[in-house]
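Note sheet for the following structure.
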Amino acid sequence: ICDGASGTISATPSGGNNGPYTYLWSNAVTTKSQVVNPKLVNSPAKYIVTIKDGCSEPAIDTATVIIHPGSIGTLVGSDTAGCEPLEVNFSAISNNGLTYVWNFGDGTPEVTAVSPTHEYKNDGKYTVTVNVKTAFGCITPIVRPQYITVYPVPEAAFLSDLSSTTFISPIVNFKDVSKPDVVSWDWDFNDPSTKANNTSKLKNPTHAFSGINDYNVRLIVTTIHGCIDTTYEIYHVYDDFVFYVPNTFTPNEDGINEV
């Protein structure tokens with residue numbers, strides 16, 4: 001049996017006067033069979049039984065129980081914390097393992113391998129377990145509670161007071177609405193003519209576009225855990241059309257300011 005497990009031993013007498021038989025085991029048990037769970041340090045454990053029928057000479061026999069050890073080992077992961085999706089290379093090390101069955105703690109099917117790779121798709125904390133099985137079928141679970149931490153990727157998003165404007169008034173105020181836990185912002189207004197003003201590290205910047213064009217504004221946001229997301233939005237700067245309305249009419253047939 002495996003260390004920590006139980007087994008049943010039993011005496012099966014025959015002959016003599018065919019009973020009734022009495023039983024006396026070396027551990028003071030007086031039944032025909034018994035459940036034993038000897039310690040590994042006592043292997044092989046011997047249980048001597050004496051059987052009597054009240055007439056014949058007592059019969060004596062020995063039941064020998066061999067206890068097989070479980071495994072001593074550990075499991076390790078290449079990355080125990082990171083942004084979703086997080087890919088982790090696992091490895092199990094033991095003194096006598098033959099097969100390794102992994103449970104990654106995220107509801108995915110178990111995997112049999114010594115060194116599997118697993119991808120965590122969602123944020124959260126995950127307990128990892130590997131069941132190590134020896135050649136004698138003894139299984140030892142190795143458990144690392146909440147071993148893997150997966151951080152959420154932010155959702156980059158921003159608003160502005162204008163989605164389009166004109167060259168006469170090309171200033172746009174931007175507002176970051178990204179979530180969650182964003183701590184840094186990297187704006188690129190796709191307007192290289194403005195040189196240093198083409199980028200900003202402010203949460204809510206303002207930019208004056210340099211001319212008539214379509215500008216693909218980019219925002220990269222980063223969380224406290226280093227997780228990144230990017231979003232784009234196109235802003236239109238149009239030309240201005242100025243209409244002159246005359247307030248004086250000169251009907252002199254010169255084609256200007258005629259009624």
Side-chain angles (χ1 to χ4, degrees), residues 77-90 104 106 108 117-126 147-259:
S78 58
D79 296 287
T80 59
C83 305
E84 60 177 336
L86 177 64
E87 185 175 276
V88 183
N89 298 314
F90 288 100
F104 301 110
D106 59 353
T108 56
T117 297
H118 184 70
E119 182 180 78
Y120 290 92
K121 298 183 182 300
N122 302 309
D123 64 285
K125 290 183 176 291
Y126 300 95
Y147 183 53
I148 302 297
T149 301
V150 182
Y151 301 115
V153 171
E155 296 179 13
F158 61 89
L159 302 174
S160 67
D161 52 358
L162 298 170
S163 61
S164 63
T165 186
T166 64
F167 181 59
I168 289 179
S169 179
I171 299 174
V172 178
N173 299 307
F174 294 93
K175 180 181 179 181
D176 171 69
V177 290
S178 306
K179 59 182 181 180
D181 304 324
V182 172
V183 294
S184 70
W185 301 264
D186 183 1
W187 296 85
D188 187 322
F189 303 107
N190 192 28
D191 190 9
S193 297
T194 57
K195 299 182 180 180
N197 294 324
N198 185 43
T199 60
S200 176
K201 300 295 184 181
L202 297 176
K203 180 179 181 180
N204 301 313
T206 297
H207 183 71
F209 289 101
S210 61
I212 301 166
N213 208 339
D214 290 336
Y215 298 91
N216 195 14
V217 177
R218 184 210 68 194
L219 170 62
I220 301 174
V221 294
T222 306
T223 69
I224 191 172
H225 300 295
C227 303
I228 296 173
D229 191 31
T230 304
T231 188
Y232 295 86
E233 189 74 31
I234 295 178
Y235 283 80
H236 308 279
V237 177
Y238 297 105
D239 196 0
D240 276 292
F241 295 93
V242 180
F243 296 91
Y244 295 93
V245 179
N247 57 12
T248 302
F249 297 95
T250 55
N252 56 7
E253 296 182 1
D254 63 356
I256 302 175
N257 293 339
E258 303 289 351
V259 177

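- The two residues Val221 and Val182 come nearest to each other via the heavy atoms CB-CG1, 3.7 Å.
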- prompt: Between Asn122 and Asp106, does a side-chain contact (heavy atoms from CB on, under 4.5 Å) hold up when you go through it step by step?
  reply: CA-CA 9 Å; Asn122 302 309; Asp106 59 353; over 6 Å; no

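- Under the 3.5 Å distance criterion, with hydrogens and angles disregarded, a donor-acceptor pair is assigned to the side chains of Thr206 and Asn173.
- Atom CG of Asp79 sits about 9.5 Å away from atom CZ of Phe90, to the nearest 0.5 Å.
- Using a 4.0 Å cut-off between a side-chain N of Lys or Arg and a carboxylate O of Asp or Glu, Asp186 and Arg218 qualify as a salt bridge.
- Although no hydrogens or angles enter the test, the distance criterion places no donor-acceptor pair under 3.5 Å between the side chain of Glu233 and the main chain of Val217.
- Put simply, the side chain of Asp191 never gets that close to the backbone of Asn198: no donor and acceptor are under 3.5 Å apart.
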field: Intermediate values then yes/no, side chain to side chain donor-acceptor pair (under 3.5 Å), Thr199 and Asp188
entry: CA-CA 5 Å; Thr199 60; Asp188 187 322; over 6 Å; no

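- Across all their heavy atoms, Leu219 and Ala157 have their closest contact at CD2-O, 4.0 Å.
- Of the options Tyr235, Phe189, Tyr215, a ring-ring contact (aromatic ring centres under 6.0 Å, His included) to His207 is made by Phe189 and by none of the others.
- Taking the centre of each ring, Phe158 and Trp185 stay at or above the 6.0 Å mark.
- From Thr80, atom OG1 reaches atom CD1 of Ile148 across 5.5 Å, with rounding to the nearest 0.5 Å.
- Side chains of His118 and Val88 form no contact here, defined as non-hydrogen atoms less than 4.5 Å apart.
- Ser210 and Thr194 make their closest contact through CB-CG2, 3.9 Å (heavy atoms, listed as atom of the first residue, atom of the second, distance).
- Looking at every heavy atom in both residues, Trp187 comes nearest to Leu202 through NE1-O, 2.7 Å.
- Not counting sequence neighbours, the partners of Thr223 by the side chain to side chain contact (heavy atoms under 4.5 Å, CB included) test are Pro154, His225, Cys227.
- Judged by distance alone, with hydrogens and angles left aside, the side-chain atoms of Asp176 form a donor-acceptor pair with the main-chain N or O of Ser178 at under 3.5 Å.
- Remark: Glu155 pairs with Lys179 by the side chain to side chain contact (heavy atoms under 4.5 Å, CB included) rule, at least two apart or across chains.
- Heavy-atom contacts from other residues, nucleotides or ligands closer than 6.0 Å to CD1 of Ile212 number more than 12.
- Residues Phe104 and Tyr120 share a closest heavy-atom pair of O-OH, 2.9 Å.
- Closest of all the heavy-atom pairs between Val172 and Ser160 is CG1-CB, 3.7 Å.
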